[in-house]
2 protein chains.
Amino acid sequence: MNTQPKWTPYVSRCPTRFVLDRVADKWTVLILGLLARQKMRFNALLRQIEGLSQKVLSQTLKSMERDGLVTRTAYSTVPVTVEYAITPLGTTLARSLVDVIAWAEENIHAVLSAQKAYDRAREQADAMPDPARRARGGR
Amino acid sequence: MNTQPKWTPYVSRCPTRFVLDRVADKWTVLILGLLARQKMRFNALLRQIEGLSQKVLSQTLKSMERDGLVTRTAYSTVPVTVEYAITPLGTTLARSLVDVIAWAEENIHAVLSAQKAYDRAREQADAMPDPARRARGGR
DNA sequence: CAGAATCCATCGCGATACTG
DNA sequence: CAGTATCGCGATGGATTCTG
């Protein structure tokens with residue numbers, strides 16, 4: 001029933017790891033990015049992020065709230081309205097992520113072509129007869 | 001047998017997501033951090049990163065190599081020696097991650113105390129009788 | 001040493017249904 | 001609307017064994 005991992009042996013020793021465990025997550029980064037621009041309701045987030053299920057969104061938001069990255073505010077309208085907003089802490093994290101986002105956009109082509117090259121090389125190696133392969137440092 | 005996900009609907013449309021899928025991973029960040037300082041052998045990495053299994057290390061390194069973040073060099077010694085080194089591309093990514101690492105170290109206490117506060121509030125809410133809870137915006 | 005292969009437990013996650 | 005609860009499966013990852 002608890003969202004936090006049951007056993008994390010290194011937590012006490014390495015802050016980076018601890019924070020990475022929570023932050024190095026695709027959805028967290030994506031949600032943070034959206035909330036950094038404006039506060040949003042649950043279903044709005046759900047619609048914005050393609051491929052994210054309602055279950056996972058709910059989980060992720062809960063743990064982000066627990067970590068102090070976002071706030072959850074419920075208005076007693078009918079039906080209920082819930083707004084998620086980024087906190088100052090979350091904002092600083094979002095800021096520290098801009099470089100990574102920028103890297104992603106700048107280097108996606110480099111990554112894609114690296115993948116192509118890798119796959120091509122591997123195909124060749126597979127087609128190559130064993131002795132020839134052993135002659136190099138192959139496989 | 002392939003390391004890449006079978007179905008990723010948004011790949012073609014959002015570079016950030018595509019890269020995030022590969023990079024927003026604890027182990028990748030950790031390995032990249034180590035290799036940014038010096039080239040290392042397989043078992044050296046394995047020993048440095050507590051909690052990382054040999055299987056996962058091998059998987060992660062393979063996909064990092066495919067993405068062009070690291071290189072793998074095998075020397076035909078006995079027994080075999082394999083060195084992993086960061087690429088220029090990997091180096092730029094590592095650089096873009098320093099802010100996040102810094103954020104983690106600076107804000108771990110903030111996160112931890114946010115968690116404590118959250119847990120405390122939640123305990124109280126659970127102990128609170130229903131009517132009183134409904135009076136506020138509780139859950 | 002640096003893995004690959006096999007087996008197996010668990011668990012994350014999607015789909016579905018239900019609720020205040 | 002904004003979730004929670006339940007079910008069921010496939011992917012993930014650990015432990016172990018084997019190899020060039």
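The chains referred to below are lettered A, B, ... by the order of the sequence lines, with proteins before strands, and numbering in each begins at 1.
Donor-acceptor pairing under 3.5 Å, judged by distance alone, is absent between the side chain of A:Gln59 and the base of D:dT4. Between the side chain of A:Gln54 and the base of C:dG14, no donor-acceptor pair of N or O atoms lies under 3.5 Å.
In this structure, B:Tyr75 reaches neither bases nor backbone, as no heavy-atom distance under 4.0 Å exists between it and the strands shown. Across all strands shown, B:Val80 has heavy atoms under 4.0 Å from base atoms, whether or not it also approaches the sugar-phosphate.
Neither B:Tyr118 nor A:Val82 shares a network with the other; the hydrophobic side chains, linked directly or stepwise wherever heavy atoms of I, L, V, M, F, W or Y lie under 4.5 Å apart, form separate groups for each. Connection of A:Val80 to A:Tyr84 is established within a shared hydrophobic cluster, with ILVMFWY side chains joined at heavy-atom distances below 4.5 Å, either directly or through further cluster members.
Straight-line distance from the NZ atom of B:Lys26 to the C1' atom of D:dG13: 12 Å, rounded to whole Å. Atom CE of B:Met64 and atom P of C:dG3 are 14 Å apart (whole Å). Note: CG (B:Leu57) to P (D:dG13) measures 13 Å, nearest angstrom. Atom CG in A:Leu52 sits roughly 11 Å away from atom C1' in C:dC13 (whole-Å rounding). Atom CG of B:Leu46 is separated from atom C1' of D:dG14 by 13 Å (rounded to the nearest Å).
Contact between the side-chain N/O atoms of A:Lys62 and the OP1/OP2 oxygens of D:dG3 is not found at any separation under 4.0 Å. Contact annotation: A:Arg41 does not reach the phosphate of D:dC1 (side-chain N/O to OP1 or OP2, under 4.0 Å). Side-chain N/O atoms of A:Arg72 include none lying less than 4.0 angstrom from OP1 or OP2 on D:dA2. Here B:Ser53 reaches the OP1 or OP2 of D:dG14: one of its side-chain N or O atoms lies under 4.0 Å away. For the OP1/OP2 pair of C:dG3 and a distance below 4.0 Å, the side-chain nitrogens and oxygens of B:Tyr84 include at least one atom meeting the criterion.
Looking at the side chain of B:Ser58, the nearest of the listed nucleotides C:dA4, D:dC1, C:dA2 is C:dA4. With D:dG13, C:dC13, D:dA2 as the choices, the nucleotide that has an atom nearest any side-chain atom of A:Asn43 turns out to be D:dA2. Of the candidates C:dG3, D:dG14, D:dA2, D:dG14 carries the atom nearest the B:Val56 side chain, counting heavy atoms from C-beta on.
Side-chain atoms of A:Asn107 do not come within 3.5 Å of backbone N or O of A:Ala110 as any donor-acceptor pair.
Evaluated for a side chain to side chain contact (heavy atoms under 4.5 Å, CB included) with B:Leu35, the options B:Leu30, B:Val70, B:Thr87 yield exactly one hit, B:Val70.
There is no side-chain donor-acceptor pair under 3.5 Å between B:Glu65 and B:Thr71.
When the nearest nucleotides of DNA chain C are assigned to A:Lys55 and A:Pro79 by heavy-atom distance, the more 5′-ward of the two goes with A:Lys55.
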